[in-house]
Novice: 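Okay, handing you the structure first.
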2 protein chains.
Amino acid sequence: MAVTSIKIDLIGENQSLKARAYEALKSAITNMNIYDADAQLKLDERDLSARFGISRTPLREALAQLDQEGLVKVVARRGIFIVRKTKAEVLDMITVWAALEGMAARLACSAASADDIAALHRLVDDYGQDEVAMRLGEYSDANITFHQAILSLSGNPLIQGIADSLFLHVRAIRNRTIIEQDRAKRSVADHKEIIEALEARDPDRAERLVREHTMKLRDHVERFVDID
Amino acid sequence: MAVTSIKIDLIGENQSLKARAYEALKSAITNMNIYDADAQLKLDERDLSARFGISRTPLREALAQLDQEGLVKVVARRGIFIVRKTKAEVLDMITVWAALEGMAARLACSAASADDIAALHRLVDDYGQDEVAMRLGEYSDANITFHQAILSLSGNPLIQGIADSLFLHVRAIRNRTIIEQDRAKRSVADHKEIIEALEARDPDRAERLVREHTMKLRDHVERFVDID
DNA sequence: CTCCGGCATCTGGTATACCAGATACCGAAC
DNA sequence: GTTCGGTATCTGGTATACCAGATGCCGGAG
């Protein structure tokens with residue numbers, strides 16, 4: 001039979017205008033430095049709808065969704081404001097993250113396959129003792145991938161979903177936390193220990209290591225990040 | 001000076017139509033038995049807007065919010081459907097709940113005052129050995145209050161917020177889980193142990209007890225609740 | 001110069017009309 | 001009787017117009 005593969009247009013933007021506006025706004029907001037003193041924090045419905053070339057209706061629905069997620073705050077007859085998270089809120093988010101990823105590690109001990117756990121090595125081993133090769137920006141990406149892998153290995157999609165939404169907010173202060181060589185080295189060491197615990201199928205240890213690792217980040221932010 | 005207290009109308013419904021529609025729909029959906037075979041799971045925008053006496057616009061925004069929370073699913077040109085959670089999803093929710101409340105107990109060991117912890121006794125001690133007096137419906141309420149108290153004692157509002165939204169969904173299957181005398185008794189015993197751990201300011205033990213307690217519920221649902 | 005009040009304007013909230021895809025019903029063809 | 005196709009209808013998506021509260025400018029009174 002003739003294998004005539006039809007190029008179906010799934011790549012093209014056939015989503016609703018609301019969905020497209022939502023993605024565009026979310027991307028714009030999460031990528032801007034909202035903590036800069038001169039950051040533009042106020043949005044205007046009519047202006048935005050004109051920019052996107054859509055009417056206010058779908059745009060409003062997108063903004064309402066962002067409002068619920070806590071990225072913006074819609075105030076009747078006042079305006080729409082990009083939300084600056086307080087330091088306390090960020091710390092609380094990291095704490096919840098610690099609880100979720102800890103549970104994920106616990107679950108992974110019984111849910112993850114040996115292959116899945118072995119694959120974690122690839123995200124850590126490259127950053128062994130060679131501090132020079134450890135480009136910090138690159139490590140930052142590998143670090144995120146490592147943690148998301150653990151969340152994924154739990155086999156509980158809800159954990160991953162909640163953690164993702166939290167990460168969205170914590171990201172905003174990421175630009176303000178400088179990763180030092182020393183902290184990165186300890187981070188790599190922590191990750192190796194975590195993999196060991198997973199390989200040993202020791203849920204209590206895996207949970208504790210992951211939780212303490214994330215809480216170290218919490219303490220670091222509490223001490224050295226200055227927002228508010 | 002004359003103490004003329006002005007009765008400000010805060011009780012009256014001065015909220016937006018969207019907010020009122022949202023509350024009304026949320027209440028209606030979470031209180032109905034969506035797992036009944038003959039439950040009406042489809043909604044219609046025009047019909048609802050006529051019932052509420054509002055236009056489709058604010059109603060749609062309320063529905064969009066419920067959609068994001070996972071209570072309904074809006075499908076373009078098909079309809080709006082009340083979502084039945086699968087058993088796997090409910091189990092995942094309870095697992096996340098266990099992680100959150102475990103972390104809450106851990107935090108409470110350092111954040112809660114002695115008075116706050118002492119107040120927990122009131123929610124448990126009444127249901128001592130007197131099984132006859134232990135009215136199961138009444139216990140169910142006290143049980144919920146106890147767990148929400150622990151979430152609150154963590155001092156982390158985010159934990160409480162996420163747990164609340166999870167509870168909204170788990171509630172739907174509550175009607176289908178019969179609380180037996182025996183399980184309730186063991187639950188009370190667990191609660192007493194948890195209070196002890198909090199009083200001893202033992203975060204590891206408090207976390208473990210709370211987590212295991214909630215995971216018992218998870219196992220119970222997995223074994224005895226039949227949905228899907 | 002300062003303060004106050006009213007009106008122009010801005011801005012999110014709501015109502016309404018229209019659009020297009022999806023569905024269901026019905027009748028014709030076989 | 002079955003199947004196919006077309007059309008009426010249903011339903012969520014979008015555009016537009018209007019509403020009312022909030023803000024701020026501006027001029028007059030003191």
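Values in this document were obtained by computation on a predicted structure and should not be read as measured data. In what follows, every chain begins at residue 1, and chains take the letters A, B, ... in the order their sequences are listed.
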Novice: When the distance from CG of B:Asp47 to C1' of D:dG12 is rounded to whole Å, what number comes out?
Specialist: 14 Å

Novice: Please identify which of these residues, B:Arg51, B:Arg78, B:Arg60, meets the salt bridge (Lys or Arg N to Asp or Glu O under 4.0 Å) condition with B:Glu45.
Specialist: B:Arg60

Novice: Without decimals, in angstroms, what is the distance between A:Glu61 CD and D:dG13 P?
Specialist: 7 Å

Novice: Rounded to the Å, how far apart are A:Arg60 CZ and D:dA15 P?
Specialist: 14 Å

Novice: Over 60° means perpendicular and under 30° means parallel, so tell me whether A:His191 and A:His147 are parallel, tilted or perpendicular.
Specialist: perpendicular

Novice: From the list C:dT14, D:dT11, D:dC18, which nucleotide is the closest neighbour of the side chain of B:Arg46?
Specialist: D:dT11

Novice: Would you mind telling me which residue lines up with the more 5' stretch of DNA chain C, B:Ala76 or A:Glu45, judged by nearest nucleotide?
Specialist: A:Glu45

Novice: Indicate, with a heavy-atom threshold strictly under 4.0 Å, whether A:Leu59 touches base, sugar-phosphate, or nothing.
Specialist: nothing

Novice: Please determine, for the side chain of A:Pro58, which listed nucleotide (D:dG12, C:dG12, D:dA15) has the closest atom?
Specialist: D:dA15

Novice: How many whole angstroms separate atom CZ of B:Phe52 from atom P of C:dT14?
Specialist: 14 Å

Novice: Could you tell me the separation between the CZ atom of A:Arg56 and the P atom of D:dA15, rounded to a whole number of Å?
Specialist: 12 Å

Novice: What is the distance, to the nearest angstrom, from the CD atom on A:Gln65 to the C1' atom on D:dG13?
Specialist: 15 Å

Novice: How do B:Arg77 and A:Arg77 order along DNA chain D: which one's closest nucleotide is nearer the 5' end?
Specialist: B:Arg77

Novice: Tell me, yes or no, whether the heavy-atom count around A:Asp47 atom CG, taken from other residues, nucleotides or ligands under 6.0 Å, exceeds 12.
Specialist: yes

Novice: Can you measure B:Arg78 atom CZ to C:dG21 atom P for me and round it to whole angstrom units?
Specialist: 15 Å

Novice: Would you say C:dT14 has OP1 or OP2 under 4.0 Å from some side-chain N or O of B:Thr57?
Specialist: no

Novice: Rounded to whole Å, please give me the gap between NZ in A:Lys18 and C1' in C:dC19.
Specialist: 18 Å

Novice: Which heavy-atom pair separates B:Ala21 from B:Leu59 by the least distance, and what is that distance?
Specialist: CB-CD1, 4.3 Å

Novice: How about NZ on B:Lys216, more than 12 heavy atoms from neighbouring residues, nucleotides or ligands closer than 6.0 Å, or not?
Specialist: yes

